[in-house]
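In each ligand, atom 1 is the first atom listed, and ligand 1 is the first ligand listed.
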Amino acid sequence: MASHHKFLRSLFSLFLILLLSGQWIMQLEARHHSRHPKVSLKKLFVFGDSYADTGNIRRGLSKVWKEPYGTTFPGKPAGRFSDGRVLTDYIARYLRVKSPLPYGMLKEQPHHVKYGVNFAFGGTGVFNTLVPGPNMSSQIEQFESLINNNILNKCDLANSVALVSVAGNDYSNFVATNGSINGISSLVGLVVNQTALNIELIHKLGVKKIAVTSLPPLGCVPEITVSSSYRACNDTYNMLVSIHNSYLLDAVGKLNGERKKNLSFMMLNLYESFLSVLNESKKQKSNRMKNTYKPCCTGVSNEYSCGSMDDKKVKKYRVCKYPKASFFWDTVHPTQAGWHAVYNRLRNTSDLRQLHHH
Ligand SMILES: *[C@@H]1O[C@H](CO)[C@@H](O)[C@H](O)[C@H]1NC(C)=O
Ligand SMILES: *[C@@H]1O[C@H](CO)[C@@H](O)[C@H](O)[C@H]1NC(C)=O
Ligand SMILES: *[C@@H]1O[C@H](CO)[C@@H](O)[C@H](O)[C@H]1NC(C)=O
Ligand SMILES: *[C@@H]1O[C@H](CO)[C@@H](O)[C@H](O)[C@H]1NC(C)=O
Ligand SMILES: *[C@@H]1O[C@H](CO)[C@@H](O)[C@H](O)[C@H]1NC(C)=O
Ligand SMILES: *[C@@H]1O[C@H](CO)[C@@H](O)[C@H](O)[C@H]1NC(C)=O
Ligand SMILES: *[C@@H]1O[C@H](CO)[C@@H](O)[C@H](O)[C@H]1NC(C)=O
């Protein structure tokens with residue numbers, strides 16, 4: 001009995017030590033949430049845009065390969081649209097795998113698919129929003145080519161999970177090319193139906209569990225709130241987002257069919273989780289995340305110049321002192337602290353827990 005107690009006590013102190021070394025906290029909690037503590041290693045396949053990209057965007061194409069991107073993690077610019085970790089990194093952590101290698105880096109390490117592959121590419125839409133650059137269908141084709149070339153096999157796929165990030169580039173592309181938001185509602189059915197086709201295809205290729213993001217509240221991103229001096233969200237945009245999200249929820253429900261448990265398709269509710277974190281930060285003045293809508297990295301001449309320098313190598317941006325106190329990093333992307341807070345909300349949803357069911 002006594003030795004049993006001693007064992008428990010040393011186990012408890014070990015637990016405390018792990019708990020104190022911050023980075024283990026989430027892994028322990030993930031283990032706690034899992035119904036099957038001994039599930040074998042999963043692979044994570046990621047499709048979509050800048051909310052999920054961890055280094056596919058090419059150096060020449062984007063400022064995210066320049067300072068101050070990446071200064072919190074990994075400590076230097078590395079292709080993430082944030083000061084640090086993004087959604088992919090937190091979903092990987094939840095699944096207890098390392099964040100999968102970006103597809104663009106497989107050329108150097110073709111067999112490093114141990115944890116999956118990240119195909120997400122900043123700016124991607126389900127339709128063509130980037131010239132040059134892949135749409136989501138081309139990302140799925142890249143995935144298919146890895147299967148056809150036996151770099152991924154059936155076993156890899158059977159125990160795998162996909163994250164699909166569709167965060168609004170089809171809509172921002174419409175506004176950019178059309179000059180206004182008028183007439184955008186005609187796009188919603190097309191975007192949602194194409195998204196549904198995409199996730200169905202990923203499922204047909206052998207991935208059993210697929211989580212697709214709902215649109216975040218686009219009316220609250222700094223790019224939009226700048227017109228109100230970062231004071232309030234824009235309802236016109238958030239209404240559009242709500243329509244998109246309710247269509248998408250229907251489409252995902254249809255794909256799941258009669259099943260109520262052991263679902264194949266899940267929705268990660270970025271809309272609610274973003275709003276919940278932003279609400280919290282508005283309410284509590286003493287909250288660590290004080291800057292509700294104002295981004296940490298603000299352009300000096302215009303809101304898009306985070307990461308830019310002028311001809312004389314003078315920075316055209318300012319970075320806040322405490323990135324942890326800001327939800328948004330730049331015009332549309334959360335800080336690592338922002339993503340962490342969103343992840344903490346998502347982690348408590350049944351949809352994320354479903355990723356562990358197999
Ligand atoms: C995606 O891009 C490819 C290659 O440019 C193109 O053929 C295809 O039609 C696009 N798909 C969609 C859904 O826009
Ligand atoms: C721009 O808006 C007009 C009017 O709503 C619409 O008819 C047209 O299709 C839109 N253009 C593009 C490129 O989507
Ligand atoms: C989207 O799919 C639904 C269900 O299949 C269909 O009723 C609707 O007409 C489609 N919308 C568009 C714009 O294609
Ligand atoms: C919200 O955005 C729409 C579309 O750009 C614009 O017409 C409207 O004035 C904005 N509303 C506010 C309160 O800024
Ligand atoms: C869950 O569904 C998958 C098919 O999507 C099936 O292979 C698996 O056996 C099911 N698991 C349980 C516990 O029913
Ligand atoms: C945010 O706060 C507003 C008003 O305080 C409330 O109506 C809304 O439901 C809240 N939303 C979330 C997601 O917490
Ligand atoms: C998780 O959700 C449950 C109910 O869905 C709620 O009671 C609980 O407070 C939530 N926990 C956190 C940490 O948000």
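- The nearest protein heavy atom to atom 2 (O) of ligand 1 is closer than 4.0 Å.
- In terms of protein heavy-atom proximity, atom 12 (C) of ligand 4 is closest to Asn234 ND2, 3.4 Å.
- Among all protein heavy atoms, the one lying closest to atom 5 (O) of ligand 4 is Tyr237 CE1, 3.8 Å.
- Atom numbering of ligand 4 starts at 1 in the shown order; those under 4.0 Å from a heavy atom of Thr236 are 1 (C), 3 (C).
- Comment: Lys63 does not engage Asp330 in a salt bridge, judged by the lack of any side-chain N to carboxylate O separation of less than 4.0 angstrom.
- Paired with Phe45 under the rule side-chain contact (heavy atoms from CB on, under 4.5 Å), one option of Leu157, Val161, Ile202 passes, and it is Leu157.
- Looking only at distances, no side-chain donor or acceptor of Asp89 sits under 3.5 Å from a matching main-chain atom of Ser99.
- Judged purely by atom type and a 3.5 angstrom limit, Asp49 has no side-chain atom pairing as donor or acceptor with the backbone of Asn169.
- Put simply, atom 9 (O) of ligand 4 has no protein non-hydrogen atoms near it, under 4.0 Å away.
- Between Phe143 and Phe119, the distance separating the two ring centers is shorter than 6.0 angstrom.
- The protein reaches atom 14 (O) of ligand 4 closely, with a heavy atom under 4.0 angstrom from it.
- With respect to Trp339, the ring-ring contact (aromatic ring centres under 6.0 Å, His included) criterion is satisfied by exactly one of Phe73, Phe274, Phe81: Phe274.
- If you check which protein heavy atom lies closest to atom 6 (C) of ligand 3, you get Asn193 ND2, 4.2 Å.
- Nearest non-hydrogen protein atom to atom 11 (N) of ligand 1 is Asn135 ND2, 3.0 Å.
- To the nearest 0.5 Å, atom CZ of residue Phe47 and atom CD of residue Gln142 are 9.0 Å apart.
- Here's the thing with Gln194: none of its N/O atoms is less than 3.5 angstrom from an N/O atom of ligand 1.
- Looking only at heavy atoms of the protein, atom 4 (C) of ligand 4 is closest to Ile181 CG2, 3.6 Å.
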